[in-house]
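Step one of this worksheet: look at the structure below.
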Amino acid sequence: MDYRGLLSPNDRRNPWVKAGMGLGLTGMIATALIMVIPFLWMVSTSLAPSQTLFSWPPKWFYGNLDWSSYKIAWVHVPFATYIFNSVIYCFGVVAGQLVLSSLAAYAFAKLQPPFGRFLLILFLSTLMIPVESLLIPLYLVMKSFPAESLPHTNLISTYWGLILPTVVSAFNILILKSFFERLPDDLLDAARLDGCSEWMIFRKIVLPLSTPILTVLAIFSFITTWNSFFWPLIVLNDPKMYTLMLGVHKMVEAGEPWNVIMAVVTLTTLPTILLYLAFQKYIVRGVVFTGIHG
Amino acid sequence: MPAPRRKRLPTDFFDKLLSNQTDDQMNDLLSSLVEEQIAPTPDAVLDELPRLSIPVMPGKKRTKEFHHEKIEDSIVTRDESLEDLSGLSGDSGIDIIPRTARMNAAGVVIPPTVEPKSKSETIVKPPVMPAVPGAVPEPEKRKSRGMSDLVEKAGAALPGADFVVPEELIRDVSGEYIAEVPQPEVPTADLTSSAETITEETVPAVPVPPLPVKPVSQVVQELPEPVEPLTSAPVFEEPEPVRPIEVPAPVKPRELTHEELRKARRSVRWEQPPLRKPKMPKMAVPTQPITFKPPDETLDFVIPTDALFKGKVRRVSRAALFFLLPAFIGFSLFSWYPMIKGFIISLFNYAPIGTSTFVGFANYARAFHDEMFWRTLMHAGGFCLMALGLGFWLPIVLSILLNEIRWGKGLLKFLFFLPFLMPSVPAAILWKWILDQGFGLLNAVAALLGVAHPHIGWLTTPNLALLSIVVLYIWKNTGWAILIYSAALANIDETLYEEAELDGASVWGKIWHITMPSLRAVTGVMLIITIINTIQIFTEVFILTNGGPMNATEVIATYIYKQAFFYMDIGYAAALSFMMLVMLLIITVFRLRRLAPEGE
């Protein structure tokens, strides 16, 4: 039976439906073009020679590709530093989130902590606190960490200050907890019988079994962290500490010709698209599964 | 294959066999047979057939042993013996139990039907012999492999409940006198007539062992009828008063109920020490020796966990606290503490250097009188409404259309999803260039469309700036929404559409009455998410306009940022943050309540 979705073969013979589908197809292709044209425009501009940049009407294709804007961008923007910072930021956050979230989620799912229910609600309530509303107090906390009344250090413009506020994620705990709960108890009991400690069970059984979900969460927190802008903007003052996004923003503020800016933008966008192509399966599944919004 | 010639079996063989109850005696008997190269002869076997296969008879000694456990024992051992014997059949050249022999659950061996090789050969179909548990020798007797070897050498299967007339023997004797044997399964006229002639003289005391050797025809007449068709013979339907001895009604082997079988199986139990001593000094101390009790064939170990892990809850939960500790510290330091601190700061006129002064709720009062604050709320609301009005229906329509096209689906989805992959910062920068007043792409398109003065300041005109940012927002997030809607559409049961079609629904009707209601849950969630995200929006606005032109795009987040880091009025910024928090909290609680029915 070739009956897939809404339209039956019968419907497809209906001239009105045919017309509607034609219209819809046209609309979809138009939308797809609208989605893609900015990317083409970006690449096109980045390859444009400076003198043709300000021509009216804008030109799309130039006789010879001009890669000089990429060279300028690479020289002007300390990409290596920014990418290094971004990578450290991302890996720190991903590692922290995975470790803390999986530990807590395992405890909630398979062990019976005292006051477990209360703690769970306490943890999950942070889901409802928008990060944006915490940034100002977080900035103050980081300025004198952990508290002014205690011996404290200034974590502004350090990796620690960058990474720490996002290492806990109630959302990851929620997802992992529901995953761990589906692991059979008998498996863990068998390990306990063999003399495994809870930590060994977690390390040797639970973690290997939950590699898929951990991968999804890792990719997602990586992308979110890679794209994050607001917190680095607040916490980083030292240009040497800038993440890629912040550095790109500062460079644009400093004022560069558009072709150089577009070259930078292209270079910044490329990794995420490559990452997507590499992990397409996980990302699509993760978006659908978690409803994460970048 | 011609069978080797065998010596005749002593006439009292079976009686000896049956009276010998112990293993040793049985072994002796059989090995003596082997030594003398005596095989049970066909007539000896046939002579004994009735006695061996006669089910429970009144007054018989062996019937006393009829109870469940014995049945189960016989089943278990019979399984093994079957394996043993069938394993032998390959190399010995003698099919002790023909491979086609089957055994049903109650232990009744169903011998195969021997097909005639030629017309001259007459076939006897041995009657289906019910297993009489009592007649089975002790199960241990037939466990050993050596025993099976003996059986092989003896050339005959052991007498017993699962006695089988070996194929070989039947074939051997077929020429001699089996031809006389009527097929007991079919109530032929011959059988009936012979049955009618049964008198007291012709039937000597059948049930009393030992049986004298009788002519075959007589024995056959005495055969019990475990087979159904025989009961329909007239002789059994109307019992004759002259007959002194009733041929006992066939007692069908009782089909054990499932429950009985299980109970019986469970009664077979053995204990064995644990394979190795579990070392678990830290975890729990076993309060009793661990016994592995395989309840049935499957190795489903039943471990009394309650006894093993006495005090499990207390012990394990202490470990649980260690698991929770890092996250607890994290949440305390980076979620709850800042929240409380934020609220406290909002009550102060905060000075980064020097002393802060407590001002109570003055910061909040100030916000209510701050015209700019209300404008930011208006902008956020306007942004939200525009994003919903322009962009909310788009992914729904697109995903429904996407679901219907036959090819290019993946490509289109990828193209739609592409903008979502672009990080916000480069996306905003790119759109800043596209919306550029002088040489932007959008103005070029406007020129193509024939706009008179195609240098529209998309980001510099107060009325257009917010709309431009909304366009960027929709461009970036439509692909993500399409992905989620597509997943939801894939979950709709297609038979619903089919049924609607049968009921005469139009395409529009199907969309309106099936697709949309099915998507309602997802739509609700997306609505709330869009509202929250548009209220929180920062990066796009910050990069594209930074609140300008003339504060026309100032939203809450950018306003807070400016208050805190440009005007250094951190107390006020904290108050604004806290108000935003409360606002979003209300919406989020609403969202969670919407989500709740689907799980968390």
Side-chain angles (χ1 to χ4, degrees), chain A residues 3 5-8 11 17 24 28 31-32 35-36 38 41-42 54 57-58 100 103-104 106-107 111-114 119 123 126 128-130 132-134 136-138 141 146 165 167-168 174 189 192-193 195 197-198 227 229-230 245 248-249 252 258 261 265 268-269 272-273 276 287-288 293, chain B residues 278-280 282-283 305 313 316-317 319-321 323-324 326-327 330-331 333-335 338 341-342 345 398 401 403-404 412 415-416 418-419 421-426 429-430 433-434 439 441 444 447 483-484 487 497 501 507 510 529 533 536 538-539 557 564 573-574 577 580-581 584-585 588:
Chain A
Y3 196 90
L6 186 78
L7 295 181
S8 67
D11 285 335
V17 175
M28 270 199 292
T31 317
M35 296 293 176
V36 176
W41 179 243
M42 169 182 85
F54 300 106
L100 297 196
L103 279 173
Y106 175 65
L111 312 176
Q112 287 116 32
L119 280 175
F123 281 17
T126 59
M128 296 191 283
I129 305 171
E132 275 75 2
S133 67
L134 286 185
I136 305 298
L138 260 180
V141 170
V167 289
V168 280
L174 189 65
D189 281 339
R192 285 190 191 115
L193 202 65
S197 66
E198 289 300 328
N227 295 351
F229 175 69
F230 204 171
M245 295 304 147
V248 168
H249 165 69
V252 173
W258 275 115
I261 291 174
V265 167
T268 320
T269 310
T272 45
I273 292 180
Y276 171 77
V287 165
V288 173
H293 192 273
Chain B
K279 68 165 196 204
M280 49 180 84
K282 282 180 190 171
M283 273 304 305
T305 38
V313 173
V316 171
S317 63
L321 282 187
F323 280 80
L324 286 178
F331 278 118
L333 278 179
F334 307 117
S335 284
K341 191 174 175 123
I345 289 171
L398 284 177
L401 281 170
N403 214 27
E404 294 310 318
L412 278 177
L415 294 183
F416 290 147
L418 211 52
L421 293 175
M422 202 176 188
S424 299
V425 174
I429 294 171
L430 170 59
W433 170 226
I434 288 172
F439 304 95
L441 182 65
L483 213 61
I484 289 184
Y497 293 130
E501 168 113 1
V507 174
K510 282 193 271 188
I529 290 179
N533 283 330
Q536 291 187 53
F538 174 80
T539 306
S577 293
M580 179 168 135
L581 189 151
L584 290 172
L585 212 58
T588 318

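Below, read A as the first sequence line, B as the second, and so on, with proteins coming before strands; counting in each chain starts at 1. Model, not experiment: these values are computed from the prediction. The basis for the numbers below is simple: all heavy atoms, side chains too, and nothing from hydrogens, waters or symmetry mates.
For the atom pair CZ of A/Phe230 and CZ of B/Phe538, the computed distance is 4.0 Å after rounding to the nearest 0.5 Å. Rounding to the nearest 0.5 Å gives a distance of 7.0 Å between CD1 of A/Ile261 and CD1 of B/Ile429. Taking NZ from B/Lys341 and CG from A/Leu134, the interatomic distance works out to 13.0 Å, rounded to the nearest 0.5 Å. Between atom CD1 of residue A/Ile136 and atom OG of residue B/Ser577 there is a gap of 5.0 Å, rounded to the nearest 0.5 Å. In this structure, OG1 in B/Thr539 is found 9.5 Å from NE2 in A/His249, a value given to the nearest 0.5 Å.
Contacts of A/Leu138 with chain B are made by both backbone and side-chain atoms, with heavy-atom separations under 4.5 Å. In this structure, chain B has heavy atoms under 4.5 Å from both the backbone and the side chain of A/Phe123. Of the two parts of B/Phe416, the backbone and the side chain both hold a non-hydrogen atom closer than 4.5 Å to a non-hydrogen atom of chain A. For a residue to count as touching a neighbouring chain, one of its non-hydrogen atoms must lie under 4.5 Å from one of that chain's; by this rule B/Leu412 touches chain A with the side chain only. Contact annotation for A/Thr31: both backbone and side-chain heavy atoms come within less than 4.5 Å of a heavy atom of chain B. Interface residue B/Ala447: only side-chain heavy atoms are found under 4.5 Å from chain A. Contacts between B/Ile345 and chain A at a heavy-atom distance below 4.5 Å involve the side chain alone, from C-beta outward.
Within the 4.5 Å cutoff, no side-chain heavy atoms of A/Val141 are placed close to those of B/Leu333. By the 4.5 Å heavy-atom criterion applied to side chains, B/Glu501 and A/Asp11 are counted as neighbours. With a 4.5 Å cut-off on side-chain heavy atoms, A/Trp258 and B/Phe439 do not count as touching.
In terms of heavy-atom proximity, A/Val265 sits nearest to B/Pro426 at CG1-CB, 3.6 Å. The two residues B/Ala320 and A/Ala107 have their closest heavy-atom pair at O-CB, 3.8 Å. The minimum heavy-atom distance between B/Ala327 and A/Ala104, with the atom names listed, is CB-CB, 3.7 Å. The two residues A/Met35 and B/Pro419 have their closest heavy-atom pair at SD-CG, 3.6 Å. Nearest heavy-atom pair, A/Ala32 versus B/Leu415, reported as atom, atom and distance to 0.1 Å: CB-CD1, 4.1 Å. Heavy atoms only, all atoms of each residue included: B/Leu401 and A/Gly24 are closest at CD1-CA, 3.6 Å.
With hydrogens and angles disregarded, no donor-acceptor distance shorter than 3.5 Å links the side chain of A/Thr269 to the backbone of B/Met422. The closest donor-acceptor contact from the side chain of B/Glu404 to the backbone of A/Leu7 lies under 3.5 Å.
Between chain A and the options B/Phe334, B/Trp433, B/Phe331, heavy-atom pairs under 4.5 Å are most frequent for B/Trp433. Contact tally against chain A (heavy-atom pairs below 4.5 Å) for B/Gly342, B/Ala574, B/Ala444: the top residue is B/Ala444. In terms of heavy-atom pairs under 4.5 angstrom with chain B, the leader among A/Met245, A/Met28, A/Met42 is A/Met28.
Ring-plane geometry between A/Tyr106 and B/Phe323 is classed as tilted, the angle between the planes lying from 30 to 60 degrees on a 0 to 90 degree scale.
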| query | Would B/Val425 and A/Thr268 count as a side chain to side chain contact (heavy atoms under 4.5 Å, CB included) if you check the C-alpha gap in whole Å, the side-chain angles of each, and the deciding distance to 0.1 Å? | reply | CA-CA 9 Å; B/Val425 174; A/Thr268 320; over 6 Å; no
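Contacts of B/Pro326 classified as side chain to side chain contact (heavy atoms under 4.5 Å, CB included), with partners at least two apart in sequence or in another chain: A/Leu100, A/Leu103.
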